[in-house]
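A, B, ... follow the sequence lines: proteins, then strands. Residue 1 opens every chain.
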2 protein chains.
Amino acid sequence: MTDLLIQNARVLQVVDEQTTILNAHDILIKGNRIDAIQATGAANPSHFKQVIAANDMLAMPGLINTHAHVPMVLWRGLAEDVNINTWFNDYMWPLEHNLRVEDVYWGMLLGLAEMIEAGVTSVADHYFHMDEAAKAVEKAGTRALLGWAIFGSDGIAQIEQTAGFIQRWQNAAGGRIRTMLAPHAPYTCDDDFLRACVDKAQQLGVGIHIHVAETKEQTQASLEKRGITPVQVLQETGVLDVPTILAHVKGATPDDIALLAQYETGIAHAPKTYLKLASGFAPLLEFREAGIPIGLATDGAVSNSTLDIFESMRLMAMTQKIRTGIAEHFAIPQTLHIATRESARVYGQPDELGHLAPGRLADVILVDMSGVHHQPLHSVTASLVYNTQTPDVKTVIVDGQIIMRDRELLTLDKAEIIHEVTQRMARLAYRDPQHRIQTYNP
Amino acid sequence: MTDLLIQNARVLQVVDEQTTILNAHDILIKGNRIDAIQATGAANPSHFKQVIAANDMLAMPGLINTHAHVPMVLWRGLAEDVNINTWFNDYMWPLEHNLRVEDVYWGMLLGLAEMIEAGVTSVADHYFHMDEAAKAVEKAGTRALLGWAIFGSDGIAQIEQTAGFIQRWQNAAGGRIRTMLAPHAPYTCDDDFLRACVDKAQQLGVGIHIHVAETKEQTQASLEKRGITPVQVLQETGVLDVPTILAHVKGATPDDIALLAQYETGIAHAPKTYLKLASGFAPLLEFREAGIPIGLATDGAVSNSTLDIFESMRLMAMTQKIRTGIAEHFAIPQTLHIATRESARVYGQPDELGHLAPGRLADVILVDMSGVHHQPLHSVTASLVYNTQTPDVKTVIVDGQIIMRDRELLTLDKAEIIHEVTQRMARLAYRDPQHRIQTYNP
């Protein structure tokens with residue numbers, strides 16, 4: 001008996017930035033890995049413990065969110081139509097003054113429920129009280145790469161706290177949970193703090209997930225204050241000597257891009273947040289020309305509203321087309337390459353995730369393209385990128401386990417989560433700009 | 001007995017660009033109009049022929065699509081990642097060489113099904129063989145403002161054909177169908193042709209729906225060829241002397257905007273198309289400052305992929321924020337004003353549509369905001385603009401009639417429509433750039 005048969009799917013393959021659809025194919029799953037992908041007909045359903053009839057749905061790798069602050073869903077909708085300074089100083093950091101340890105657990109569960117429904121199976125999350133986040137991931141059955149966000153102003157002891165978290169959770173939940181150090185940003189962590197993070201990361205054998213050069217203004221401020229860019233700060237402090245996820249990097253200079261191309265790093269890209277905050281375009285074309293991988297991301301829901309990687313995917317392609325003025329750029333095959341294999345590389349599992357093939361981890365989502373908004377289906381890949389809405393994702397498999405089937409969440413109780421979050425709303429929404437966890441002044 | 005009671009909704013009100021939510025309110029509908037909006041509790045359900053339990057769903061006016069080519073859904077996905085010249089000359093106009101009269105009926109039905117599911121109850125459509133489109137609208141139960149697209153090169157007799165269509169369909173289907181003249185654009189219709197259109201429009205008492213200054217390049221080309229802008233061509237030929245819907249107008253100069261402010265006109269805005277074609281931003285802030293109304297639009301699905309006005313709404317706000325660099329612009333109340341009352345003004349029914357109030361036409365949609373992607377619901381309006389997906393639209397009422405209930409279409413047979421469209425796919429997808437209906441050379 002093999003464990004799971006996904007029968008009669010259209011299977012998306014992205015190879016060398018070209019896409020193919022294998023029509024009428026089965027995916028055979030043994031344990032937590034893909035065993036085979038083959039034409040429908042050969043596999044006998046009675047030889048499998050579980051069978052999913054895909055009925056021509058599209059099978060693709062589970063989506064990867066390479067930079068988020070998932071528990072921020074707790075404050076969704078509370079900081080709209082404001083610029084980045086106001087967003088931090090008058091909204092987000094005062095709101096986070098209300099955060100309690102157990103809030104993180106319920107906020108994480110809510111965001112994980114939203115992501116599972118959207119076909120997002122892995123998330124690189126950067127937040128506080130991460131033992132709670134890890135417990136939520138363990139329960140949800142998804143994957144996560146968790147970093148405990150720390151600020152230099154909170155003192156060097158924070159790094160030991162993070163180290164304890166990493167030792168407790170690295171490779172936990174059967175390998176579904178991995179960890180990183182997560183110093184907030186060069187403008188909130190001084191050089192000694194960053195160097196201490198690097199030392200600890202090297203000692204523990206993990207990477208670093210950090211915000212850097214989020215806007216051109218941050219780069220300009222760094223140049224004025226200390227004569228080097230935020231990216232150069234990362235180089236000088238040794239941060240780039242460990243594997244890194246760099247969030248946003250919209251303020252990268254041409255020299256920064258050439259510099260980053262020499263390191264094992266990836267850019268996490270959250271276009272909805274950039275649009276909503278009017279905080280500028282990212283130089284994605286230049287990153288890609290330099291060979292630096294791009295991962296799709298949502299950032300937190302207080303800026304991004306949603307944790308929807310399908311939306312990030314199409315917004316990335318569309319904003320880069322309009323930025324460059326060239327509609328041929330970020331074409332559908334490249335866009336799907338970024339969403340799958342390149343995001344897996346940024347996430348640090350390029351050989352395990354982001355592609356459906358024998359031996360890979362069995363993270364698979366099934367997308368129903370029978371709705372009128374996809375019809376007639378002249379192009380599966382065009383419709384996947386530009387027409388898919390998250391309710392089209394019907395079934396989600398992570399590590400060989402079905403965690404959503406026909407839109408029903410099998411690991412999480414939505415009513416309980418919404419109840420727990422709802423009763424926290426009033427307390428969490430209190431806002432006094434005099435009491436904030438940090439001040440934005442890059 | 002009154003006809004229809006919508007019980008216990010949250011009712012969106014947009015007044016003077018400010019939003020209010022009337023929680024726990026009922027909407028009472030008599031015939032095709034709203035009779036009353038009042039706190040839940042007073043109305044006795046047994047006095048109504050039909051009752052819809054809204055259960056806290058958001059009630060808002062049916063969305064209005066102010067510029068589309070609905071039957072183009074027939075070719076969805078066939079012209080991706082190309083610029084506007086290639087899009088017209090190598091794809092759209094060769095593809096339309098395959099169009100047969102009865103294709104318009106089925107394409108229109110498919111697009112109407114997609115729009116009903118997305119809460120779009122009215123569409124200003126600009127296409128060919130419009131008797132077929134009108135029959136489809138009559139069947140679907142929606143509203144439409146239909147214009148038969150004509151090119152100068154096809155000869156002046158086209159105008160008489162359109163006149164016949166207008167005489168057959170103006171105010172048909174109980175007033176749900178209205179009509180306009182629809183000359184394609186100044187670059188495809190010479191001045192005499194445009195003047196003849198104006199004469200006919202005045203004679204029939206209808207307006208004109210036309211593409212103008214779609215890009216800055218079109219404005220530049222017009223200036224080089226004849227020394228005036230496309231908008232000035234409309235003024236000189238008298239087009240602006242009748243009520244107009246002007247599609248796109250991204251190439252409007254400051255003088256054009258001042259000129260347009262003197263006329264009864266509105267701008268139809270389709271941001272997803274502009275992003276996908278990398279064809280530039282529209283000067284919406286300047287239009288609004290001049291008092292010119294903006295209507296949301298989708299254009300055709302071959303450029304826009306979807307006919308989703310919720311998507312147009314958030315893309316409009318986000319692209320205008322990034323264009324101006326000011327996150328405070330196109331704030332949620334203004335965005336909802338554009339989506340409702342301003343779009344109704346562009347559509348030509350500012351006192352009948354786009355607002356829920358006694359005496360108005362009963363076009364109401366119910367949006368379910370209980371999903372995890374809306375939770376916790378700190379801000380109904382923020383979530384409406386930035387988190388709503390079309391499957392959240394559960395029930396659609398047009399002209400007092402329920403045409404979708406709990407996601408079930410009551411007027412259309414989706415399986416039949418998809419079957420009819422699918423069997424046309426191969427014939428319609430044939431493409432020979434030597435055989436095109438027009439040449440794009442503005």
Side-chain angles (χ1 to χ4, degrees), chain A residues 73-78 80-84 86-87 110 113-114 117-118 272 274-281 305-308 315 318-319 321-322 324-332 370-379 382-383 386-387 389-391 414 417-418 421-422 424-425 429, chain B residues 73-78 80-84 86-87 110 113-114 117-118 272 274-281 305-308 315 318-319 321-322 324-332 370-379 382-383 386-387 389-391 414 417-418 421-422 424-425 429:
Chain A
V73 292
L74 293 165
W75 295 281
R76 196 196 313 258
L78 283 178
E80 299 294 324
D81 301 319
V82 292
N83 64 43
I84 192 168
T86 306
W87 188 86
L110 179 63
E114 179 185 355
E117 288 193 352
K272 191 173 182 181
Y274 313 151
L275 290 164
K276 287 189 65 195
L277 294 175
S279 64
F281 293 103
S305 304
T306 50
L307 304 178
D308 175 355
L315 288 176
M318 294 194 295
T319 54
K321 286 173 189 291
I322 199 95
T324 60
I326 298 176
E328 290 78 3
H329 281 163
F330 291 79
I332 289 161
S370 67
V372 286
H373 56 294
H374 289 290
Q375 295 295 318
L377 197 57
H378 287 291
S379 167
S383 214
Y386 286 111
N387 297 55
Q389 306 205 41
T390 62
K414 281 201 280 189
I417 295 167
I418 290 172
V421 168
T422 301
R424 289 170 159 77
M425 283 174 74
Chain B
V73 293
L74 293 165
W75 295 281
R76 196 195 313 258
L78 284 178
E80 298 295 323
D81 301 320
V82 292
N83 64 44
I84 193 168
T86 306
W87 188 88
L110 179 63
E114 180 185 354
E117 288 194 351
K272 191 174 183 181
Y274 312 151
L275 290 164
K276 287 189 68 197
L277 294 176
S279 64
F281 293 103
S305 305
T306 49
L307 303 179
D308 175 356
L315 288 177
M318 294 195 295
T319 54
K321 286 174 188 291
I322 200 94
T324 59
I326 298 177
E328 290 78 2
H329 281 162
F330 291 79
I332 288 161
S370 67
V372 286
H373 57 292
H374 289 291
Q375 295 296 316
L377 198 56
H378 287 292
S379 168
S383 215
Y386 287 110
N387 298 56
Q389 306 204 43
T390 61
K414 282 201 278 189
I417 295 166
I418 291 172
V421 168
T422 301
R424 290 168 158 77
M425 283 173 75

- Query: Under a 4.5 Å heavy-atom cutoff, which of A:Ile326, A:Thr422, A:Val421, A:Leu78 has the most pairs with chain B?
  - Reply: A:Leu78

- Shortest non-hydrogen contact from A:Leu275 toward B:Lys321: O-CB, 3.6 Å

- Item | Smallest separation among heavy atoms of B:Lys276 and A:Ala327, with atom names | O-CB, 3.6 Å

- Query: Can you tell which of A:Glu114, A:Glu117, A:His329, A:His378 has the highest number of heavy-atom pairs within less than 4.5 Å of chain B?
  - Reply: A:His378

- Message: Checking the side chain of B:His373 only, and the main-chain atoms of A:Ser305 only, is there a donor and an acceptor separated by less than 3.5 Å?
- Response: no

- Item | Interface moiety of B:Ile417 toward chain A, non-hydrogen atoms closer than 4.5 Å | neither

- Who among A:Ala382, A:Ala331, A:Gly325, A:Gly77 has the most heavy-atom pairs with chain B under 4.5 Å? A:Ala331

- Query: How far does NE2 of A:His374 sit from CZ of B:Arg76, to the nearest 0.5 angstrom?
  - Reply: 8.5 Å

- Check A:Val82 against B:Glu328 and note the closest heavy-atom contact, atom names and distance. CA-OE2, 3.9 Å

- One should read off an interatomic distance between B:Ile322 CD1 and A:Thr319 OG1, to the nearest 0.5 angstrom, of 8.0 Å

- Task: Kindly say whether A:Met318 contributes a backbone atom to a donor-acceptor pair with the side chain of B:Lys272 at under 3.5 angstrom?
- Result: no

- Task: Taking all non-hydrogen atoms of both residues into account, name the closest pair between B:Asp81 and A:Tyr386 and its distance.
- Result: OD1-OH, 4.4 Å

- Item | Pair B:Thr390-A:Gln389, side-chain donor/acceptor within less than 3.5 Å | yes

- Query: Side chain, backbone, both or neither: which part of A:Ile84 has a non-hydrogen atom closer than 4.5 Å to chain B?
  - Reply: neither

- Task: Return the minimal non-hydrogen interatomic distance between A:Val73 and B:Pro376, and the atom names on each side.
- Result: O-CD, 3.1 Å

- Side chain, backbone, both or neither: which part of A:Leu377 has a non-hydrogen atom closer than 4.5 Å to chain B? backbone

- Heavy atoms only, distances under 4.5 angstrom: which of B:Asp308, B:Thr324, B:Leu74 has the most pairs with chain A? Name it, please. B:Leu74

- Heavy-atom check, side chain of B:Leu315 versus side chain of A:Leu315, under 4.5 Å: yes

